[in-house]
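Quick note on labels: first sequence line is chain A, next is B, and so on, each numbered from 1. The figures here come from the full heavy-atom set of this structure, side chains too, leaving out hydrogens, waters and symmetry mates.
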Protein chains: 2
Amino acid sequence: MRDVAARAGVSTMTVSRALNEPGKVSEEMRERVLRAVREIGYLPNHLAGSLSSNRSTTIGLIVPSIDNSIYTQTVKGLSEVLKSSGFQLMIAESGYDPNEEEELITVFLSHRVSGLVLHSTEHTPQAAEKIRKSGIPVVENGNIPREPLDMVVSFSNYDASYAMTMHLGRLGYRKIAFASLYSVHNDRSQDRLQGYHAALRQLGLDPDPRIVLETERGLAAGAEVMARVVQSVPEVDALFCAGDVLVVGALFECQKRGWAVPGRIALASFDDVDLLRHVSPSVTTLRLPRYDIGERTARILLSRIMDGAEHLRGSVVDLKFELIQREST
Amino acid sequence: MRDVAARAGVSTMTVSRALNEPGKVSEEMRERVLRAVREIGYLPNHLAGSLSSNRSTTIGLIVPSIDNSIYTQTVKGLSEVLKSSGFQLMIAESGYDPNEEEELITVFLSHRVSGLVLHSTEHTPQAAEKIRKSGIPVVENGNIPREPLDMVVSFSNYDASYAMTMHLGRLGYRKIAFASLYSVHNDRSQDRLQGYHAALRQLGLDPDPRIVLETERGLAAGAEVMARVVQSVPEVDALFCAGDVLVVGALFECQKRGWAVPGRIALASFDDVDLLRHVSPSVTTLRLPRYDIGERTARILLSRIMDGAEHLRGSVVDLKFELIQREST
DNA sequence: CTGGATTTTGGTATCGGTAACAATACTATT
DNA sequence: AATAGTATTGTTACCGATACCAAAATCCAG
């Protein structure tokens, strides 16, 4: 930058202004500076800029696991909005471990990110304290937590799970099994389970621990769950797979065993991946606002960061989901 | 940091060393400093550190599209290795546009990333020039380009496509259709197409432009391609879907129409997603070293950055793929 | 044409660290 | 015990930008 200033015969301050606040510099100066920039091939140093101005243009994002396709839409939403405002995304994965998350938060804070997006809503007390102390805005967006750190943009896993279970009940299913991913350190899973139970109560159905299962991700796990449930509790007439692509594994298993869907057993899922519309029978599921979550998250963060919109602190955006009835129920 | 130094009664230099080069500081000092750090709740400022030392611990990654599950494994490999060395990942998407990519490279360079990972291997001349000028190490990992910018960690799309086409030929298929994603600004698609053609020549089969199609991503596109190919050229006996989950859409379409797979038509795919093993018939495909690519990319980058391993400049790591024969062919 | 208001430009300190070298304390050797 | 050698700590300058305030240039009404 020194070189640019020298070449253009102006001070570094003028160069800085020409680049960042073009309005505050005369037409002539601006052109002179820009020409010098081009001639020298000058590339501003963002680190120096951020350090000096005490503002940064990076946002930290922590997801439980990067190789999980359900986040990709959200990340895309985030990324697109942030990019249009010149912000950069730093991404890391916590492996569903709150301590790991705390560590990553520390790292991001030391990188002076100007905002944080957390997919998990379970945090260590120290993590919460560090964030509070740093004063930067945070958005949680995997769930609607009982005690938000700050802002929230999400749908309610509880409501969604409740809605689907109620839907199954209204369709006349009476022995509704429930499969989810492991709920340890996964409040999304926990809330889905609770929504399921609440709906059962509402429907006047008795909970049966034999048909409530937790498993790992993947098609094989879904198939395994399907087989186990039907064999241990033959009177089961529906299976609600509240996670990942479990339902597809379950469906394949039914096809293999010759169990009619929904004749023998109905199937419902949680996330509307493209696949569910194309399999046969097509699968009843919930359409979740994955992309919107990312987009809104970015917008609300940027409002806080750029416009200092303090009135948004602590705001909770509960985005709606949609239940899609298809052939499998 | 000033505060920490004061509290511990030492100079800032000693604090800096205690934190970053513990070996160069006496046991006693180290403890004194660490205690002060804890008491004050001091968080180092990475921006300042990087600026001062002219080293950073961030790596820039540019993928064509974030919401594409084929990258997630690679990103995971990258992320895990980088994290273990304290490096951070900045991710952005170029939307398959080289100009956009150039823009992002510029941004990353101004953030002083210490390395770049590019999934695309098609770049603007200016982008190449900027990278060269910056002197930072780069890894391309979506393909093996004819003229690498610097280092490459990938499998060969050409070889993989060639191998699968040859495989189909050896199995006796004579009218092999080929479907890929649009190849404009997508050298991976282009190379796959060339590999296909090379194999046809080797097999002594005539190319037929009517059965070489490009389409968009998604199941619907795969289904559409399937229907179109069979109807326009009934003698087709195999379809090689060289991209995304096209093959699944194609398979569903066959099931819907009652076309036996592989009786009426054989199906082969490019990427071994979990699904292909579980559908019926299971689908012949290529197992690509997605995770390994990320891992190796990270390792080779770190060698260059931390150990200054200049002998690695320009090295090309051609990771092997594996052809998995299943029921569909 | 002049004085004050306004716009444009520049000088200097500073952001929070680290590099490079200087100074001091400690060890080992003869 | 003296000296060279090594380990530890401190001093100072600087990384590359921006904030803050001062100075110069421009504008405009009276």
Residue whose closest nucleotide on DNA chain C lies nearer the 5' end, Thr12(A) versus Asn45(B):
Thr12(A)
[X], nearest nucleotide to its side chain (from [options]):
{"X": "Val10(B)", "options": "dA17(D), dG16(C), dG10(D)", "value": "dG10(D)"}
{"X": "Arg17(B)", "options": "dT9(D), dG16(C), dG10(C)", "value": "dT9(D)"}
{"X": "Ser11(B)", "options": "dG10(D), dG16(C), dG11(C)", "value": "dG10(D)"}
{"X": "Ser52(A)", "options": "dA19(D), dG16(D), dG10(D)", "value": "dG16(D)"}
{"X": "Ser53(B)", "options": "dG10(D), dA17(D), dA19(C)", "value": "dA19(C)"}
{"X": "Thr14(A)", "options": "dT9(C), dA17(D), dG16(C)", "value": "dT9(C)"}

To the nearest angstrom, how far is [X] atom [atom1] from [N] atom [atom2]?
{"X": "Arg112(A)", "N": "dC15(C)", "atom1": "CZ", "atom2": "P", "answer": "13 Å"}
{"X": "Leu51(A)", "N": "dA17(D)", "atom1": "CG", "atom2": "P", "answer": "12 Å"}
{"X": "Met13(A)", "N": "dG11(C)", "atom1": "CE", "atom2": "C1'", "answer": "11 Å"}
{"X": "Met1(B)", "N": "dA19(C)", "atom1": "CE", "atom2": "C1'", "answer": "12 Å"}
{"X": "Leu109(A)", "N": "dG16(C)", "atom1": "CG", "atom2": "C1'", "answer": "16 Å"}
{"X": "Ile40(A)", "N": "dG16(D)", "atom1": "CD1", "atom2": "P", "answer": "13 Å"}
{"X": "His111(B)", "N": "dG16(D)", "atom1": "NE2", "atom2": "C1'", "answer": "15 Å"}
{"X": "Glu28(A)", "N": "dA25(D)", "atom1": "CD", "atom2": "P", "answer": "14 Å"}

Check the side chains of Glu80(B) and Tyr291(B) for a donor-acceptor pair under 3.5 angstrom, ignoring hydrogens and angles.
yes
Say whether Thr121(A) and Asn143(A), considering side chains only, have a donor N or O and an acceptor N or O under 3.5 Å apart.
no
Considering every strand and a 4.0 Å limit on heavy-atom distances, what is the contact class for Asn54(A): base, sugar-phosphate, or nothing?
nothing
Would you classify Arg55(A) as touching base, sugar-phosphate or nothing, given that sugar-phosphate means primed atoms plus P, OP1 and OP2, and contacts are heavy atoms under 4.0 Å?
sugar-phosphate
For Ala48(B) and for Gly9(B), find the nucleotide of DNA chain D with the closest heavy atom, then tell me which residue's nucleotide is more 5'.
Gly9(B)
Nearest-0.5 Å distance that lies between atom CZ in Arg188(B) and atom OG in Ser154(B)
9.0 Å
So, applying side chain to side chain donor-acceptor pair (under 3.5 Å) with His123(B), which one of Glu140(B), Glu102(B), Lys130(B), Glu147(B) is it?
Glu140(B)
Carboxylate-amine/guanidinium proximity below 4.0 Å for Arg299(B) and Glu295(B):
yes
